[in-house]
S.K.: 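What follows is a structure written as structure tokens; I'll ask about it next.
All residue numbers in this chain count up from 1 along the given sequence. Hydrogens, waters and symmetry mates play no part in the numbers below; they use all other heavy atoms, side chains included.
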Amino acid sequence: MGEYNLFLVTGSLLIAIFSSYAALLLVKKMIQENKRSRKGLWLTSGSLIFGAGIWCMHFVAMLAYHLIMPVSYHPGLLFLSIVFAAISSFTAFLLLNKKVITSRVIIFGSVFISISILSMHYIGMEAMRMQADIVYNLWIVALSALIAVVASYAALRIFIYFSFQKNSSAFIGPAISAVIMGIAISGMHYTGMASATFDHSAHHAVQDVTGLDQNTIGSIIAIAMLIILSFVFIVIFYDKKMALANQRLTMTDQLYRSIMDAANDAVITTDGNGAVLSWNKAAETIFGYGKSEMMDQPLSVILPGYELSSDNDKQTLVLKGKHKNNKTFPIELSFSSVKNESQLYYTGIIRNISERVKQQKKIEELVYKDPLTNLPNRRMLNEELGKMIHSASNTGQEVAAAFIDMDRFKQVNDVYGHQTGDLLLKAMADRMSHLLKYEDLIGRQSGDEFIILSPASSPFQISTKANAVLTAFKDPFLIGNTEIFMSPSIGISLYPQDGITADELIKHADMAMYKAKELGGAHFQFFTSEINDEISSKMKMESGLRKAIMNEELEVYYQPLVSIHDNQINGVEALIRWHSKELGTVSPADFIPLAEETNLILPIGEWVLRKACTQFTEWKKSNYMPGHLAVNISSIQFKQEDFPQLVRKVLEETGMPPHCLVLEVTETVIQDVEKSLPTLHSLKEMGIKLSLDDFGTGYSSLQYLKDFPLDIIKIDKSFVQSLLISPKNQAVVDMIINMAEQLEMEVIAEGVESEDQRKYLATRESIFYQGYLYSPPLTFEELTSQLVSQSVQRLAE
Ligand code: C2E
Ligand code: MG
Ligand code: MG
């Protein structure tokens with residue numbers, strides 16, 4: 001070894017190792033690379049660097065060897081040596097470009113690498129120009145080849161082992177195998193040098209030393225080394241970055257997967273033709289297909305009839321999805337397309353909206369359907385009428401609205417209970433529905449009110465329909481075992497003459513229905529402007545009446561009841577007066593029926609009773625005995641269960657003695673025997689007297705006169721006023737008086753206006769009368785002064 005410069009020997013070894021390392025890193029990249037073009041790049045640069053590395057190693061090793069003579073090199077052969085090395089290492093590395101690498105491949109690979117090393121060395125030796133010949137010992141040459149093959153085999157084996165190991169560091173494998181490869185190259189070189197002897201004998205003349213001298217080669221080597229090293233560092237840096245990016249990619253990939261699997265919506269990816277590429281857990285649940293079943297399957301399996309198109313990008317569509325069990329269900333779908341290197345992909349998010357659709361339907365039913373009859377409800381009727389009006393306004397046709405209210409339906413509820421009432425409503429709805437044409441619409445407005453809407457209907461057509469409804473109600477309804485007869489009252493309004501909005505038409509049909517009821521029910525009535533006037537003045541009255549007590553517009557008048565023989569005041573009847581600020585003085589004959597209809601009679605009646613009792617006790621305190629106080633009681637008041645308690649309370653509060661109070665009731669009150677008898681009895685028990693008002697005008701039955709605890713009968717003024725005109729009426733009045741006497745009841749004749757009437761009545765004993773003849777109803781103050789003068793008169797007598 002004395003002939004070698006040790007420093008340069010070490011240098012050559014390091015060059016061999018470093019260049020192998022750089023080459024192997026590039027080969028590893030080639031193995032991992034997916035793109036063909038880049039694979040080629042890694043392969044070519046790897047083999048060039050390997051070739052250059054061996055070349056550099058060779059010449060540094062030659063510099064390390066002390067030759068006695070000057071040497072130069074043949075540039076052509078030098079070039080050839082590097083080309084040979086590069087080509088055979090290219091072949092070796094190309095063999096490694098496989099997914100699975102067998103031992104055979106490694107053997108072939110090491111043979112090619114050895115060829116590259118050997119060819120470089122021996123062509124490099126041939127390129128030497130000096131004053132000597134080279135003689136080889138063939139045994140040692142063979143040994144050098146063997147070293148090259150064995151060592152490069154070991155190097156490749158290790159390299160491959162580490163390259164396919166998953167968790168190994170990116171650099172360890174190439175590093176270890178680079179060291180062995182360095183040993184292979186160097187071992188081959190120095191053994192190869194040992195096989196050569198330089199024979200000076202043949203060349204004595206000065207050799208032609210054209211070629212590259214040692215200095216030039218040194219510079220080339222230095223530059224080549226620099227290039228190799230910088231390559232190594234670039235690759236290392238790049239690889240680190242790639243590793244980091246790769247790590248991030250797998251991280252985001254895992255994250256994406258876990259999000260996809262946790263999602264409630266199906267997330268599906270397909271290729272441009274709609275073949276499924278990814279299928280998450282929610283997709284399995286929604287469509288019933290497992291991931292393996294759907295992979296590569298066309299999207300039409302789950303979305304029949306849907307065509308993928310990038311036009312649908314980011315739009316949300318509602319479609320039918322198909323489950324594995326062949327059932328379809330509503331879905332919401334949004335697809336977006338992604339273009340990746342000329343390949344088109346689609347990503348779809350699919351949501352099962354069955355529940356939502358169900359919920360929506362339910363809400364719609366709640367909003368638009370009457371749950372009892374399943375007919376459209378008030379809201380839907382209103383909206384539909386609006387639509388009919390709209391189209392009629394374009395075609396110039398008429399629209400009819402028929403408002404139907406059942407007569408005395410309340411009685412059904414009262415008598416048979418609400419369950420029967422509900423069944424009856426259903427039965428009536430059914431019967432009416434069957435009468436209608438396709439374009440007609442029947443709905444339930446509320447309670448026992450129905451509305452029929454009939455587009456393009458003339459007055460004649462709608463009256464035919466109304467008649468059909470009336471006829472249909474001629475037969476009874478069989479509910480359970482009960483036959484119930486019902487009759488409807490129908491009011492009709494027409495677009496455009498009776499109103500141009502849905503609200504107006506329904507309101508006017510309602511008014512006409514009201515009129516039909518007034519006329520006795522079981523009847524239909526068209527809306528007219530007279531009905532409008534009547535009802536609107538009624539409505540005005542109602543709203544005024546509601547405020548009458550609060551506004552102190554009510555007053556109690558009193559009409560004396562006097563003895564027919566001596567005109568002595570025997571009592572007074574309280575009669576209400578309403579001094580309305582808006583309507584002037586309104587007669588009770590006008591507003592009492594309205595107050596009864598609206599139940600306003602309850603507070604008004606209570607107010608009258610209290611007021612009259614209070615004022616009566618004031619007369620009593622002053623000793624102007626007006627005898628008794630008569631107060632009119634409406635049948636509505638009488639029907640209140642707590643009516644006797646109310647009377648008792650008022651008596652207590654006002655200090656009114658019960659035996660001075662007479663309650664006047666009409667025949668309608670006592671018609672409902674079962675209900676009224678207990679009330680009448682409990683009033684009697686309190687000591688209150690009962691009087692039957694307007695006798696002879698109502699449904700007079702002699703039966704109840706006998707059964708009811710009545711004290712007084714008031715003969716209606718219509719009989720009194722026609723006493724002297726018709727002898728028949730005289731007979732009626734005589735008969736009433738006789739009967740009352742028999743039943744031991746007091747008799748009062750109402751409405752006595754003339755002396756002749758009084759005289760006729762005076763032929764009978766113990767009769768009282770009431771009428772303009774003696775006095776009209778008076779205010780409290782007026783009557784007080786009359787009572788005063790009467791008592792003064794009595795005192796004078
Ligand atoms: P009614 O109880 O039969 O009262 C008698 C009506 O005849 C009173 O009419 C009275 O003013 C009127 N009248 C009295 N004498 C004559 C007469 O000589 N000739 C004529 N043509 N009429 C006479 P009014 O005050 O207009 O009351 C009408 C009806 O209103 C009453 O008839 C009664 O049924 C009802 N009413 C009045 N006040 C009340 C009340 O406070 N409560 C209830 N529920 N009804 C009342
Ligand atoms: Mg009366
Ligand atoms: Mg009367």
S.K.: Please check: side-chain N/O of Arg431 versus main-chain N/O of Ala472, any donor-acceptor pairing under 3.5 Å?
M.R.: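 Flag set: sc Arg431 to bb Ala472 pair under 3.5 Å.
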S.K.: At their closest point, which heavy atom of Glu667 faces which heavy atom of Leu692, and how far apart are they?
M.R.: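 For Glu667 versus Leu692, the nearest heavy atoms are N-CD1, 3.9 Å.
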S.K.: Would you compute the distance between atom CG of Leu561 and atom CD of Glu750 and round it to the nearest 0.5 angstrom?
M.R.: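 Going from the CG atom of Leu561 to the CD atom of Glu750 covers 9.0 Å.
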S.K.: Taking the six-membered ring for Trp, are Trp578 and Phe591 parallel (under 30°), tilted (30 to 60°) or perpendicular (over 60°)?
M.R.: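 If you compare the ring of Trp578 with that of Phe591, the planes turn out perpendicular.
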S.K.: Look up atom CG in Leu680 and atom CD1 in Ile688, then write down how far apart they are to the nearest 0.5 Å.
M.R.: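 So the CG of Leu680 and the CD1 of Ile688 are separated by 11.0 Å.
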S.K.: Do Ile576 and Ile592 come within less than 4.5 Å of each other through their side chains, counting heavy atoms only?
M.R.: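 In contact.
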S.K.: Name all residues meeting the salt bridge (charged side-chain N to carboxylate O under 4.0 Å, His left out) criterion together with Asp590; count only those two or more places apart in sequence or in a different chain, and write none if there are none.
M.R.: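 Applying salt bridge (charged side-chain N to carboxylate O under 4.0 Å, His left out) to Asp590 gives none.
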S.K.: Kindly compute the distance separating CD1 (Ile451) from CZ (Arg444), expressed to the nearest 0.5 Å.
M.R.: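 CZ of Arg444 is found 12.5 Å from CD1 of Ile451.
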S.K.: Take Val733 and Val720 through the test side-chain contact (heavy atoms from CB on, under 4.5 Å) and record every step on the way to the result.
M.R.: CA-CA 8 Å; Val733 171; Val720 175; 5.7 Å; no
S.K.: So which atom in Gly605 and which in Gln637 form the shortest heavy-atom distance, rounded to 0.1 Å?
M.R.: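 So the two residues come closest at CA-NE2, 3.3 Å.
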S.K.: Quick one: does His508's side chain have a donor or acceptor within less than 3.5 Å of a partner on Phe527's backbone?
M.R.: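 Not at all, since once roles are kept as given, no pair shorter than 3.5 Å links the two residues.
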S.K.: Kindly compute the distance separating CD1 (Ile389) from CD (Glu504), expressed to the nearest 0.5 Å.
M.R.: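 It is 9.0 Å, given to the nearest 0.5 Å.
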S.K.: Would you say the side-chain atoms of Ser726 pair up with the backbone N or O of Lys728, donor to acceptor, closer than 3.5 Å?
M.R.: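 Side chain of Ser726 to backbone of Lys728: a pair is present.
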S.K.: Under the ring-ring contact (aromatic ring centres under 6.0 Å, His included) definition, can you give me all pairs with a residue in residues 740-764, not counting sequence neighbours?
M.R.: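 Counting only pairs at least two positions apart or across chains, no ring-ring contact (aromatic ring centres under 6.0 Å, His included) contact touches residues 740-764.
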S.K.: Keeping to residues at least two apart or across chains, list the side-chain hydrogen bond (donor to acceptor under 3.5 Å, both in side chains) pairs with something in residues 534-543.
M.R.: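 Found Lys515-Glu534, Glu518-Lys538, Glu542-Arg546.
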S.K.: Is the closest side-chain heavy-atom distance between Pro496 and Glu398 below 4.5 Å?
M.R.: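 Side-chain contact under 4.5 Å: yes.
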S.K.: Scan residues 530-559 for pairs that pass ring-ring contact (aromatic ring centres under 6.0 Å, His included), counting only residues two or more places apart or in two chains.
M.R.: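 Counting only pairs at least two positions apart or across chains, the ring-ring contact (aromatic ring centres under 6.0 Å, His included) contacts touching residues 530-559 are Tyr558-Trp619.
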S.K.: Not counting sequence neighbours, list each pair that qualifies as a ring-ring contact (aromatic ring centres under 6.0 Å, His included) and has a residue in residues 657-685.
M.R.: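 Listed once each, the pairs would be none.
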S.K.: Holding to salt bridge (charged side-chain N to carboxylate O under 4.0 Å, His left out), I want the full list of residues that pass it with Glu449, two or more places apart in sequence or in another chain.
M.R.: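 Expected list: none.
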S.K.: Would you compute the distance between atom NZ of Lys639 and atom CG of Leu602 and round it to the nearest 0.5 angstrom?
M.R.: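 Output value for this atom pair is 11.0 Å.
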S.K.: Hey, does the side chain of Asn377 reach the backbone of Arg379 with a donor-acceptor pair shorter than 3.5 angstrom?
M.R.: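 A pair under 3.5 Å: yes.
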S.K.: If you count every heavy atom of other residues, nucleotides or ligands that lies below 6.0 Å from Gln568 atom CD, does the total exceed 12?
M.R.: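 Counting neighbours around CD of Gln568, more than 12 heavy atoms of other residues, nucleotides or ligands fall under 6.0 Å, so yes.
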S.K.: Can you tell me how far the CZ atom of Phe768 sits from the CD1 atom of Ile564, to the nearest 0.5 Å?
M.R.: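 Interatomic distance, Phe768 CZ to Ile564 CD1, rounded to 0.5 Å: 10.0 Å.
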S.K.: What residues, two or more places apart in sequence or in another chain, satisfy side chain to side chain contact (heavy atoms under 4.5 Å, CB included) together with Ser463?
M.R.: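 Applying side chain to side chain contact (heavy atoms under 4.5 Å, CB included) to Ser463 gives Phe524, Phe526.
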S.K.: Restricting to non-hydrogen atoms, name the atom on Ser580 and the atom on Val586 that form the minimum distance, rounded to 0.1 Å.
M.R.: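 Shortest heavy-atom contact: CB-CG2, 4.2 Å.
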S.K.: If the threshold is 4.0 Å, N to carboxylate O, is there a salt bridge linking Asp711 and Lys689?
M.R.: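 Salt bridge: no.
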S.K.: Contact between Tyr774 and Ile569 at the side-chain level, heavy atoms closer than 4.5 Å - yes or no?
M.R.: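 They are in side-chain contact.
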S.K.: Minimum heavy-atom separation for Lys684 to Pro709, with atom names?
M.R.: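 Closest approach of Lys684 to Pro709, heavy atoms only: CD-O, 3.5 Å.
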S.K.: My understanding is that only residues two or more places apart in sequence, or in another chain, count here; which of them pass side chain to side chain contact (heavy atoms under 4.5 Å, CB included) with Thr654?
M.R.: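 Partners of Thr654 under the side chain to side chain contact (heavy atoms under 4.5 Å, CB included) test: Arg610, Cys613, Thr614, Val650, Met656.
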S.K.: Looking at residues at least two apart in the chain, or sitting in another chain, which of them share a side chain to side chain contact (heavy atoms under 4.5 Å, CB included) with Pro593?
M.R.: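 Per chain and number, Pro593 pairs via side chain to side chain contact (heavy atoms under 4.5 Å, CB included) with no residue.
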S.K.: Would you please name every residue forming a side chain to side chain contact (heavy atoms under 4.5 Å, CB included) with Ser635, sequence neighbours left out?
M.R.: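 Checked Ser635 against side chain to side chain contact (heavy atoms under 4.5 Å, CB included); matches are Thr668, Val669.
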S.K.: Indicate the atoms forming the closest heavy-atom contact of Ile713 with Ala740, along with that distance.
M.R.: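 In this case the closest contact between Ile713 and Ala740 is CD1-CB, 4.3 Å.
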S.K.: Could I get the full list of side chain to side chain donor-acceptor pair (under 3.5 Å) partners for Asn467, not counting sequence neighbours?
M.R.: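 Asn467 satisfies side chain to side chain donor-acceptor pair (under 3.5 Å) with no other residue.
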S.K.: Could you pull out the closest heavy-atom pair between Glu746 and Asn570, with the gap in Å?
M.R.: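 It is OE1-ND2, 4.4 Å.
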S.K.: Under 3.5 Å, which donor-acceptor pairs link side chains of residues 401-410 to any protein atom two or more places apart or in another chain?
M.R.:
residue, atom, partner, partner atom, Å
Asp405, OD1, Lys517, NZ, 2.2
Asp407, OD1, Ser489, OG, 2.5
Asp407, OD2, Ser487, OG, 2.7
Asp407, OD2, Ser489, OG, 3.4
Asp407, OD2, Ala522, N, 2.8
Lys410, NZ, Asp414, OD2, 3.1

S.K.: How far apart are the C-alpha atoms of Thr697 and Asp716, what are their side-chain angles, what is the distance that settles it, and do they pass the side chain to side chain donor-acceptor pair (under 3.5 Å) test?
M.R.: CA-CA 7 Å; Thr697 55; Asp716 190 69; 4.6 Å; no
S.K.: Below 4.0 angstrom, N of the basic side chain to O of the carboxylate: do Glu755 and Arg758 qualify?
M.R.: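 Result for this pair is yes, salt bridge flagged.
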